[in-house]
Each structure stands twice: as structure tokens, then as C-alpha cells.
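Here's the structure, in C-alpha cells; my notes come after.
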Amino acid sequence: MKVLVTGHAGFIGFHTAKRLLERGDSVVGFDNVNDYYDPAIKEARLKLLERTAAETQSDYLSIRANLADQQAVAECFNEHHFDRVIHLAAQAGVRYSLENPHSYVESNLIGFTNVLEACRYAEIAHLTYASTSSVYGANTRMPFSEHEGANHPLQFYAATKKANEMMAHSYSHLFSLPTTGLRFFTVYGPWGRPDMALFKFTKSILADEPIQVFNHGHHTRDFTYVDDIVEGIIRASDHIATPNLEWNSDSPDPATSNAPFRLFNIGNNDPVTISTYIEAIEEALGKKAVKDLLPLQLGDVPDTYADSSELEKAVGYKPSTPVFQGVANFVRWYRDYYSLDKCSLNKPIDPLSETPGSLD
Ligand SMILES: NC(=O)c1ccc[n+]([C@@H]2O[C@H](COP(=O)([O-])OP(=O)(O)OC[C@H]3O[C@@H](n4cnc5c(N)ncnc54)[C@H](O)[C@@H]3O)[C@@H](O)[C@H]2O)c1
């Protein structure tokens with residue numbers, strides 16, 4: 001199959017593109033390699049994708065362009081016929097959306113509109129796209145289920161991702177475009193994002209610097225290992241969304257429709273507190289953290305917990321990597337990566353180094 005992966009220089013897009021190349025698919029990646037965090041890690045991921053394509057002899061093309069550029073997106077779809085589109089590019093990060101909402105409008109709203117339009121005219125067989133656990137916002141009934149309404153986002157990031165789900169539904173309804181939205185729950189693992197807590201905590205602990213722990217470490221998160229996310233993305237993409245023939249408009253299920261539209265959670269179904277997450281990092285590093293305990297921050301969702309049973313029913317898979325194992329894998333990668341590239345340790349790892357580590 002020929003698959004378009006947007007955001008292939010990013011954390012999850014890179015892992016997804018790599019897995020597709022390894023199974024022999026042709027991959028076209030589309031990413032503007034922006035500097036929201038240190039682009040050096042994006043360049044390193046892109047190099048590894050080139051190497052993987054050479055080793056597996058799979059077709060691979062990397063396009064550097066902005067999804068908000070309608071012409072560039074249209075050209076990409078005119079030049080290639082895609083069997084599947086996996087849309088993972090976005091302006092990610094919960095806390096940054098309080099500082100720079102316009103970046104979310106550009107990538108998540110305009111960019112997503114361009115992807116939908118291109119999929120519509122190219123009659124793409126299936127569009128799979130990233131949503132987030134953050135859409136559950138003010139909901140507190142646990143575990144979070146796709147069958148409950150999620151209408152109270154607590155930050156603009158979540159609002160744009162919820163908008164993506166609604167935009168996708170309109171295209172599924174109007175143009176019979178099969179779409180699957182995947183609500184990822186705090187993803188972590190090797191090649192992870194430098195703006196996220198695991199990366200920042202690891203860096204600070206190694207440098208004997210204090211880490212900022214909000215809500216006094218009482219947040220819980222359903223941390224989900226990146227390999228589990230990728231397995232879920234690829235299985236969901238392979239399994240084309242179809243209309244739910246039992247969908248009842250008098251009592252509308254938010255997760256399905258009479259159009260070919262679906263939403264799934266992908267989470268570990270095993271939340272842990274931030275304090276436990278920090279213990280896993282300390283154990284993997286063999287070193288204790290100095291914690292700066294702080295109150296809850298504006299816009300933070302206190303707890304997340306995924307019900308992943310619908311995904312399991314549909315594609316026969318749900319995440320299961322324990323946090324202590326996944327964090328150890330990340331720390332092993334981090335040590336390897338920065339010992340191979342010693343000079344990187346001496347320069348700032350990301351332009352947001354003054355902001356606290358994101359949990360989503
Ligand atoms: N990592 C998580 O914990 C998490 C949780 C929930 C949802 N998500 C979602 O998963 C997806 C992937 O996230 P990630 O963690 O890999 O983030 P990432 O920032 O590492 O990757 C996103 C990639 O998209 C690219 N991009 C952004 N705007 C673009 C634009 N306008 N045009 C072209 N490329 C653009 C960036 O350069 C980047 O390489 C995103 O949609 C994100 O919102 C991630």
C-alpha cells in the first residue's frame with residue numbers, strides 16, 4: 001500500500017512511518033519540520049527513516065511543506081495516489097496553546113481542512129487522524145469512554161482537536177469519506193518529544209536540576225507506550241471505518257454514526273500518578289529527583305484513564321506496556337542518543353526550556 005503519513009518528522013509520525021516501511025509499505029511523509037522544539041531531533045528521525053527505507057528497500061519520499069499551504073497539499077495529492085492517509089501532524093502541547101493559539105489555528109484547523117479537502121477529491125479509502133484524551137476536558141467519570149459526550153475542553157489545544165473530530169464527521173457524512181479519529185493518551189517512549197515531562201525530567205535529573213511537579217504529583221495519567229500507539233494506529237488504518245447500521249439519531253452515540261465515522265481511545269487502561277512516573281524515571285536513571293512541588297496549573301486536566309475496549313473489539317488489540325518498562329526503554333534511548341551526539345548536550349534542547357514539561 002502507499003500511505004501518506006503527515007508529521008513523519010514528529011515523535012509518533014516517525015515511529016508510524018518506520019513501522020510501515022518495515023512491513024513493506026510505500027510511505028510519503030509530509031512535515032514542515034518546524035521549530036516548536038529542537039528541529040535537530042526531527043532531522044535525526046528523518047535520517048533514520050531514510051536508512052530504514054534503504055534497508056527494507058521500501059519506497060519512501062519526504063516532503064517538507066506546511067499543511068496550511070493549500071497548494072502544497074493539493075500538489076502532494078495530485079502527484080501521488082494514496083491508499084491510506086494517516087494524519088499525525090499538528091501543533092501539539094497543551095500548555096503552549098495558552099501562549100500561542102494562532103499556531104493551533106494554522107496547523108490544526110487550516111491544515112486539517114486542507115487534508116480533508118484533498119482526501120475528498122482524491123477519494124481516499126480511509127483517513128485516520130490523531131485526536132487526544134484532552135478532549136475529555138472537564139469530564140470526570142472514569143474510565144473515559146468514547147460513548148460519553150466530550151464537550152467541555154479545558155484548553156484551546158483540546159478545542160482544536162475536538163473540532164477536528166467534528167470536521168471529520170461532516171466529511172464522512174457529506175462525501176462518504178471513511179474517517180477514524182484516535183484519542184491518544186499521553187504517549188511516551190524513545191525519540192519522544194523534548195517538550196514533554198519524561199524528556200524534561202530525565203534531562204534535569206541528570207543535570208542535578210530540580211523538576212517542576214504540578215498538583216503536588218497527584219495528577220494521574222494513562223501513559224501509553226509509543227509502540228502500542230503505533231500498533232493501534234496501523235491496525236485502525238487497515239480496518240476501514242464503516243457506518244454503524246444500528247446508530248440511532250434519537251440517542252446519538254458520539255463515537256459512531258450512520259456515516260463512515262469512528263472514534264477510538266488508545267490508552268494503557270492503567271493510569272499511574274506523576275509521582276509513580278517519576279519513581280520509574282529515578283529507577284531507570286539510578287538517581288533521585290529534586291522535586292519542586294507546585295499547585296495545579298490553569299488548563300491542566302487532573303486525571304486521565306482510557307477505556308480502550310472499543311479499540312480492542314474492533315481491531316483485536318489494546319496497549320499493555322507497563323510504565324516501568326517503557327520508561328526504562330526511553331532512558332536507554334536517551335543515554336544512547338546523547339552519547340552518540342555529545343555536542344547536543346551542550347546546547348539548549350528546545351526553545352521551550354523555560355516552560356514546564358507537558359503531560360499531553
Ligand atoms: N505525544 C502525545 O502524548 C500525544 C497525545 C495526544 C495526541 N497527540 C497527537 O498526536 C499527533 C502527533 O504528536 P507528536 O507527539 O508526534 O507531536 P510532534 O510535535 O512530535 O509531531 C508533530 C509533527 O507535525 C509537524 N507539523 C506541525 N504543524 C505542521 C504543519 N502546519 N505542516 C506540516 N507539518 C506540521 C511538526 O513539525 C512535527 O514534526 C499530534 O496530532 C498530537 O496532537 C499526541
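We number each residue from 1, following the sequence as shown. Just so you know, ligand 1 is whichever comes first in the structure, and atom 1 is the first atom listed for that ligand. Everything numeric here is computed off the predicted structure, so don't read it as measured data.
Backbone and side-chain nitrogen or oxygen atoms of Ala130 are examined, and none is located within less than 3.5 angstrom of a nitrogen or oxygen of ligand 1. The shortest N/O to N/O separation between Thr132 and ligand 1 does not fall below 3.5 Å. Backbone and side-chain nitrogen or oxygen atoms of Gly10 are examined, and one is located within less than 3.5 angstrom of a nitrogen or oxygen of ligand 1. At under 3.5 Å, a nitrogen or oxygen of Lys42, whether backbone or side chain, sits near a nitrogen or oxygen of ligand 1. Considering backbone and side-chain atoms together, Ala68 places no N or O closer than 3.5 Å to any N or O of ligand 1. Residue contacts with ligand 1: Ser133 is placed with no nitrogen or oxygen under 3.5 Å of a nitrogen or oxygen of the ligand (distance criterion only). Note: no N/O pair closer than 3.5 Å links Gly13 and ligand 1 by distance alone. Any N or O atom pair closer than 3.5 Å counts here, and Glu106 shares no such pair with ligand 1. Here's the thing with Gly7: none of its N/O atoms is less than 3.5 angstrom from an N/O atom of ligand 1. Geometrically, ligand 1 and Lys161 share a nitrogen or oxygen pair separated by less than 3.5 Å.
Each of the atoms 32 (N), 33 (C) of ligand 1 lies under 4.0 Å from some heavy atom of Ala65. Using a 4.0 Å cut-off to heavy atoms of Asn34, the atoms of ligand 1 that qualify are 26 (N), 27 (C), 28 (N), 36 (C), 37 (O). Which parts of ligand 1 touch Asn66 is read off a 4.0 Å heavy-atom cut-off, strictly below it: atoms 30 (C), 31 (N), 32 (N). Ligand-side atoms of ligand 1 in range of Ser107: 28 (N), 29 (C), 30 (C), 31 (N), range being under 4.0 angstrom from any heavy atom. Counting the atoms of ligand 1 from 1 in the order shown, those under 4.0 Å from a heavy atom of Thr186 are 3 (O). Counting atoms of ligand 1 from 1 in the listed order, those under 4.0 Å from a heavy atom of Val33 are 37 (O). Applying the 4.0 Å criterion to heavy atoms of Leu67 picks out, from ligand 1, the atoms 30 (C), 31 (N), 32 (N), 33 (C). Of all atoms in ligand 1, numbered sequentially from 1 with element shown, those under 4.0 Å from a heavy atom of Tyr157 are 6 (C), 7 (C), 8 (N), 9 (C), 42 (C), 43 (O).
Of all heavy-atom pairs between Glu312 and Lys318, the closest is OE1-CD, 3.2 Å. Contact record, Ser145 with Asn265: CA-ND2, 4.0 Å, taken as the closest heavy-atom pair.
Note on ligand 1: Tyr129 sits outside its first shell, no heavy atom being nearer than 4.0 Å.
For His152, the NE2 atom sits in a loose shell: 12 or fewer heavy atoms of surrounding residues, nucleotides or ligands are nearer than 6.0 Å. Few gaps surround CZ on Arg23; more than 12 heavy atoms of other groups in view lie less than 6.0 Å from it.
Residue contacts with ligand 1 for Phe14 are absent, since no atom lies close enough (heavy atoms, distance under 4.0 Å). Only backbone heavy atoms of Ser131 (N, CA, C or O) come within less than 4.0 Å of ligand 1; its side chain stays farther off. Neither the backbone nor the side chain of His8 has any atom closer than 4.0 Å to an atom of ligand 1 (non-hydrogen atoms only).
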Give the table of side-chain donor-acceptor pairs shorter than 3.5 Å for residues 62-70, with sequence neighbours excluded, one pair per line with atom names and distance.
unit_1	atom_1	unit_2	atom_2	d
Ser62	OG	His8	NE2	2.8
Arg64	NH1	Glu43	OE2	3.0
Arg64	NH2	Glu43	OE1	2.8
Arg64	NH2	Glu43	OE2	3.4
Asn66	OD1	Ala68	N	2.9
Asn66	ND2	Glu106	OE2	2.8
Asp69	OD1	Gln71	N	3.1
Asp69	OD1	Ala72	N	3.1

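Note on ring orientation: taking the six-membered ring where Trp is involved, the planes of His169 and His173 are parallel (angle under 30°, cut-offs 30° and 60°). By the 30° and 60° cut-offs, the orientation of the rings of Phe144 relative to Phe185 is tilted. Ring geometry, Tyr96 versus Tyr36: the interplanar angle falls from 30° to 60°, so the pair is classed tilted.
Side-chain atoms of Ser58 do not come within 3.5 Å of backbone N or O of Ser26 as any donor-acceptor pair. Checking side-chain atoms of Trp333 against main-chain N and O of Gly189 turns up no donor-acceptor pair under 3.5 Å. In this structure, Thr6 contributes its side chain and Leu88 its backbone to a donor-acceptor pair below 3.5 Å. Between the Ser339 side chain and the Arg335 main chain, a donor and an acceptor come within less than 3.5 Å of each other.
A salt bridge (charged side-chain N to carboxylate O under 4.0 Å, His left out) with Arg183 is found for exactly one of Glu165, Glu148, Glu310, Glu146, namely Glu165.
Counting only non-hydrogen atoms, the option in Tyr36, Phe184, Phe223 that gets closest to atom 6 (C) of ligand 1 is Phe184. Between the choices Val115, Ile233, Val187, the shortest heavy-atom distance to atom 2 (C) of ligand 1 belongs to Val187.
Checked by atom type, the side-chain pair His219/Thr273 shows no donor-acceptor distance below 3.5 Å.
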